[in-house]
A.B. asks: 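Let me give you the structure first, and then I'll get to my questions.
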Amino acid sequence: MSDHELIWRIAGGSGDGIDSTSQNFAKALMRSGLDVFTHRHYPSRIRGGHTYVEIRAAGHKVQSRGDGYNFLLALGDSFARNPKEGAYYGNEEIKPLSENLDELNEGGIIVYDSGLLSEDDVSELDLEERAEENDWHVFPIDLRAMAKEHGREVMRNTAGVGVTAALLEMDLEHIEDLMRDAMPEKILEPNLEILHDAHDMVTEEYDFEHDLRIPEGDHEDEQALLSGSNAIAYGAIDSGCRFIAGYPMTPWTDVFTIMSQNLPDMGGISEQVEDEIAAAALAVGASHAGVKAMSGSSGGGFALMSEPLGLAEMTETPIVLLESMRAGPSTGMPTKPEQGDLEFTLYTSQGDSARVVFAPGNIEEAYEQTRLAFHVAYEYQIPTIIIYDQKLSGENENVAVSFLDREPDPSLGSTLTEDELEDLPHDESGKFHRFQHDVENGVSPRSLPGQKGGRFLATGNEHTPAGHISEDPDNRVFQMDRRLEKLEAIRAELDEEHDSNQTYAGDESADFGIITWGSAQGAVLEATERLNEQGHSVKAVGVSDMMPFPEAELTEFIESVDQAMVVEMNATAQFRGLIQKELGRYGEKLTSLLKYNGNPFEPADIVEGYELNVDGSDAEPDAQVRIEPAAGD
Amino acid sequence: MSAFNAIGDEREIDRDEFTPGLEPQPTWCPGCGDFGVLKALKQALPEVGLTPEEVLTVTGIGCSGKLNSYLDTYGFHTIHGRSLPVARAAKLANDGLTVVAAGGDGDGYGIGGNHFMHTARENHDMTYIVFNNEVFGLTKGQTSPTSPKGHTSKTTPHGNAKSPIRPLSLALTSGATYIARTAAVNPNQAKEIIKEAIEHDGFAHIDFLTQCPTWNKDARQYVPYVDVQESDDYDFDIHDRKEAQEMMFETENALYDGTVLTGRYFVDERPSYQQQKKELGEMPEEPLAERYFDDDAEWERSYDLLERHK
């Protein structure tokens, strides 16, 4: 595949402009007709430290970061210069070059800033020797000097882009357009000069012995480059969500800031509050008063939300919560992805829980399932949670603009108007029976404070139809059964009225299955295609419905294969546990492929897991992934 | 046409409308100060021209949390310490509503202390009544944030080593713009203060002294009271932050010496949070909740935002 695709990695220190440069370059690739997928790797620091962004671009659909990469632009970490001897974060200047070499594919290109990285440091890397072994093409270029000549040193990013474009024989047109849109006049001119100088210098001075060129591609429809956080925020906006409350925490902050930057201009309200308990409680309060509301956090902050989450369940107040996972436990690795909060999200808060949990697997699903989450929350008066992770949050993919060209859905679901309220049951004092016993699907329509004839008490205690606190045994059983009945109704609606939320790939008749969930999906689907191209017979499913569980679909899938491997980014096989709990069997049929080192799966990891499963070989898997045998093995 | 026609309803209101039907009977003990809050609210709400359906009462947990079970408004009985974040969001979502939040001293000054500080700071337009009986009641008499130093209970068998919290001073420091203390044993003053608090545009905090006949040995802990506005012994300007602060300090010290001072302590005209948000264009002029019922409302789409992503 690597012949037909570019995987460009730009590496530097946090604060060196890696993000903005890569964002523009990804857009330029998209505009030239390619499908793109980006992957961000960064430390939990403001400035300095080894950081990179990878952009994969091809003329065909790309669903993951791919395997390794084939173009390194190493800018050097400008914040690590003159480190104190022995300082904890010191001596990292060379890292953007040295740390990345292991993953560079054969035949790859290396461009490094010879103006920033000293010859002594580079010579310690045995670069020449390794380049010969791997057929790498190395271009030491003084990007810093080029930047300084026309502007400021920090513009060496632009020089790097110019060099990249030259080496790939890529037209500068899209890059220039994007620079014009993004930069004020004062810095635009020097940047354009740097871009052209770098491009011309490389074109004139170097022989192009490398094979890598910009891939060819063409889009039928106009494309937009969206992150998972964009997709979730836009799904919420299109669902009529006009209230968000939150507290910053990586990686949830992305959605929170996107919403905060847009909602006020759309007549909505965004609140940054004192803590996550307050944030989720605000969402409950706003929704109770009749506005579509959301909140969210990442693991540690989500832990604080368990109280208001339970309150929403008991009072049947619709809310949408986001759980953007990062590696745990506790504060864990703030900027690294993991799928370790599944069980926590499913069972957070006390009592028998009725909530809905969706786990989108890519950018388009993130948008779709956010809309679905709002629909389900307001129709069934139940909290819904979207669980995703740092990977999906930060990755960017191109999406057809037409995909987002949809009507907004400002419906408040099963909420009554004053006219409708008049005809419904009230008690002697005029209180509305907000929590009726006998209603279809368990859903008892609600009134809103300020409406005539809708007065009731919402309470986190068990309560009667009018909302009075009650410990009457018969009432308790009625109310509990009714709240839980909603889950069955939601499962039925998902099965009957919506296309499956699960994504399938591979050979339908295969007797080996791969099961995954959430953001691990892209690498799994791609690996499945690759295995089939190699002559194996494999099929895969990416599951998005965590609760209620798609029992029938998963049963059918597992029944149709002899063996299945569950792929997820955690150490305790949480999703495999969920499958076995929900289906009550298949312990002997399921193995796990686990990765929890802070990096997302690459397709090659999954191919390797498949081989180990099928061969039953004694070979140890790569230390970064782990096979968990089937029960009884 | 509005979707919330109860809001702004100007008919004559009989205070009995704020009393639920036959059930439920209050679970409060005979002689409990909470009856005083309930009575004062039932009198105050119709006198400021409110109907039951345009009022949302939001309560926490504890004996105080039951307030809206016995008061017939729209009610939200939330969870321990969390009445304020629920209440302020409801007000932001529909600022036509009159929002009254209530909780106890454990609920409001202990577990909900952080929310108290921030809601006061932001100056949300609402009334917050804290039932202060210096003890956890519903969990059977444990020491609370307002229990005196030396207070003995099952959780402080050797006496409370902590000094009590200073609710009035805390409200002032945090940024509340109406601060008063009243007592269940003084129903007329309580009613008048509640009326002022509801009509105040901003965060109005009432530290409401409610005697606990069951868990505080002296059931008459808050008598006799002194009204600082009525007494000739006290003279301070309630609009002057410094004078108010000194008076609060004296009041908070005196309580534990057996002198119960009550009254208005501070009134400030700082614009409410809702007002400031509107001025910044961060909150719509019309109640946000109305928009969902407006068939002519135009809903901007994320599609409109795509230009920057192309």
A.B. asks: Under a 4.5 Å cutoff for heavy-atom pairs, which residue among A/I237, A/N262, A/V284 has the most contacts with chain B?
C.D. replies: A/N262
A.B. asks: Find out whether B/D72 and A/K431 are in side-chain contact, i.e. whether some heavy atom of one side chain is under 4.5 Å from a heavy atom of the other.
C.D. replies: yes
A.B. asks: Under a 4.5 Å cutoff for heavy-atom pairs, which residue among A/G460, A/A466, A/P449 has the most contacts with chain B?
C.D. replies: A/P449
A.B. asks: Please test B/E300 against A/D265 for side chain to side chain contact (heavy atoms under 4.5 Å, CB included), starting from the C-alpha separation and ending with a verdict.
C.D. replies: CA-CA 9 Å; B/E300 278 171 85; A/D265 296 331; 5.8 Å; no
A.B. asks: Heavy-atom distances under 4.5 Å only: say whether B/D304 touches chain A with side chain, backbone, both or neither.
C.D. replies: neither
A.B. asks: Find out whether B/H309 and A/Q223 are in side-chain contact, i.e. whether some heavy atom of one side chain is under 4.5 Å from a heavy atom of the other.
C.D. replies: no
A.B. asks: Roughly how far, to the nearest 0.5 Å, is the CH2 atom of B/W299 from the CZ atom of A/R242?
C.D. replies: 5.5 Å
A.B. asks: Which residue pairs pass the side chain to side chain donor-acceptor pair (under 3.5 Å) test when at least one of the two sits in residues 103-112 of chain B, sequence neighbours left out?
C.D. replies: B/D105-B/S144, B/D105-B/T146, B/Y109-B/H205, B/Y109-B/D207
A.B. asks: Considering only heavy atoms and a distance below 4.5 Å, find which of A/G450, A/S470, A/S447 pairs most often with chain B.
C.D. replies: A/G450
A.B. asks: Restricting to non-hydrogen atoms, name the atom on A/I269 and the atom on B/E282 that form the minimum distance, rounded to 0.1 Å.
C.D. replies: CG1-O, 3.9 Å
A.B. asks: Within the side chain of B/Y303, is there an N or O that forms a donor-acceptor pair under 3.5 Å with the backbone of A/D238?
C.D. replies: no
A.B. asks: If you count heavy-atom pairs under 4.5 Å with chain A, which of B/R121, B/E298, B/K277, B/M117 comes out on top?
C.D. replies: B/K277
A.B. asks: Rounded to the nearest 0.5 Å, how far does CD of A/E271 lie from OH of B/Y273?
C.D. replies: 3.0 Å
A.B. asks: Which distance, rounded to the nearest 0.5 Å, do you find between the NZ of A/K452 and the OG of B/S2?
C.D. replies: 10.0 Å
A.B. asks: Can you establish whether the number of heavy atoms outside A/Y247 located under 6.0 Å from its atom OH is more than 12?
C.D. replies: no
A.B. asks: Tabulate, in ascending numerical order, the residues of residues 90-101 of chain B having at least one heavy atom closer than 4.5 Å to a heavy atom of chain A, or enter 'none'.
C.D. replies: B/A90, B/L92, B/A93, B/N94, B/L97
A.B. asks: Can you name the nearest heavy-atom pair linking A/A286 to B/A89, along with the distance?
C.D. replies: N-CB, 3.5 Å
A.B. asks: Taking it one step at a time, do B/L305 and A/M266 satisfy side chain to side chain contact (heavy atoms under 4.5 Å, CB included)?
C.D. replies: CA-CA 11 Å; B/L305 304 171; A/M266 300 182 152; 3.9 Å; yes
A.B. asks: Who in residues 395-405 of chain A is close to chain B, using a strict under-4.5 Å heavy-atom cut-off?
C.D. replies: A/V401, A/L404, A/D405
A.B. asks: Judged by modelled atom types alone, do B/N5 and A/E418 share a side-chain donor-acceptor pair under 3.5 Å?
C.D. replies: yes
A.B. asks: Does B/E53 come within less than 4.0 Å of A/R455, counting only side-chain N to carboxylate O?
C.D. replies: yes
A.B. asks: Find the one option among A/L448, A/N461, A/L263 whose heavy-atom pairs under 4.5 Å with chain B are most numerous.
C.D. replies: A/L448
A.B. asks: In sequence, state the C-alpha distance, the side-chain angles, and the governing distance for A/E222 and B/L306, and then conclude on side chain to side chain contact (heavy atoms under 4.5 Å, CB included).
C.D. replies: CA-CA 11 Å; A/E222 192 181 20; B/L306 284 185; over 6 Å; no
A.B. asks: Any idea which of B/G112, B/G281, B/A6 has the most non-hydrogen atom pairs under 4.5 angstrom with chain A?
C.D. replies: B/A6
A.B. asks: Applying salt bridge (Lys or Arg N to Asp or Glu O under 4.0 Å), name anything that partners B/E17, two or more places apart in sequence or on another chain.
C.D. replies: B/R11
A.B. asks: What pair of heavy atoms forms the shortest contact from B/S69 to A/L457, and how long is it?
C.D. replies: OG-CD2, 3.6 Å
A.B. asks: Quick check on the interface: out of A/A278, A/S411, A/A293, A/A245, who has the most heavy-atom pairs with chain B under 4.5 Å?
C.D. replies: A/A278
A.B. asks: For A/D275 and B/H115: C-alpha separation, side-chain torsions, deciding distance, then whether side chain to side chain contact (heavy atoms under 4.5 Å, CB included) applies.
C.D. replies: CA-CA 9 Å; A/D275 58 36; B/H115 307 312; 3.6 Å; yes
A.B. asks: For A/G267 and B/L288, work out which heavy atoms get closest and say how close.
C.D. replies: O-CD1, 3.2 Å
A.B. asks: Let me know if B/E122 has heavy atoms under 4.5 Å from chain A in its side chain, its backbone, both or neither.
C.D. replies: side chain
A.B. asks: Between B/R88 (side chain only) and A/L282 (backbone N and O only), is there a donor and an acceptor less than 3.5 Å apart?
C.D. replies: no
A.B. asks: Kindly say whether B/K310 contributes a backbone atom to a donor-acceptor pair with the side chain of A/R31 at under 3.5 angstrom?
C.D. replies: yes
A.B. asks: Using a cut-off of under 4.5 Å on heavy-atom pairs, state which of B/I7, B/I79, B/T78 scores highest against chain A.
C.D. replies: B/I79
A.B. asks: Ignoring hydrogens, what is the shortest heavy-atom contact between A/E307 and B/R82? Give both atom names and the distance.
C.D. replies: OE1-NE, 2.9 Å
A.B. asks: Roughly how far, to the nearest 0.5 Å, is CZ of A/F456 from OG1 of B/T73?
C.D. replies: 11.0 Å
A.B. asks: So which atom in A/K292 and which in B/Y292 form the shortest heavy-atom distance, rounded to 0.1 Å?
C.D. replies: N-OH, 3.1 Å
A.B. asks: As an exercise: rank A/G240, A/G235, A/P308, A/P410 by heavy-atom pairs under 4.5 Å with chain B and give me the winner.
C.D. replies: A/P410
A.B. asks: First locate atom CG of A/L226, then atom OG of B/S302, and finally report the distance between them rounded to the nearest 0.5 Å.
C.D. replies: 8.5 Å
A.B. asks: Taking CD in B/Q276 as the centre, count heavy atoms belonging to other residues, nucleotides or ligands within less than 6.0 Å. Is the count above 12?
C.D. replies: yes
A.B. asks: Specify which of B/T57, B/V86, B/V55 makes the most heavy-atom pairs with chain A at under 4.5 Å.
C.D. replies: B/V86
A.B. asks: Return the CZ to CG distance between B/F76 and A/L311, rounded to the nearest 0.5 Å.
C.D. replies: 4.5 Å
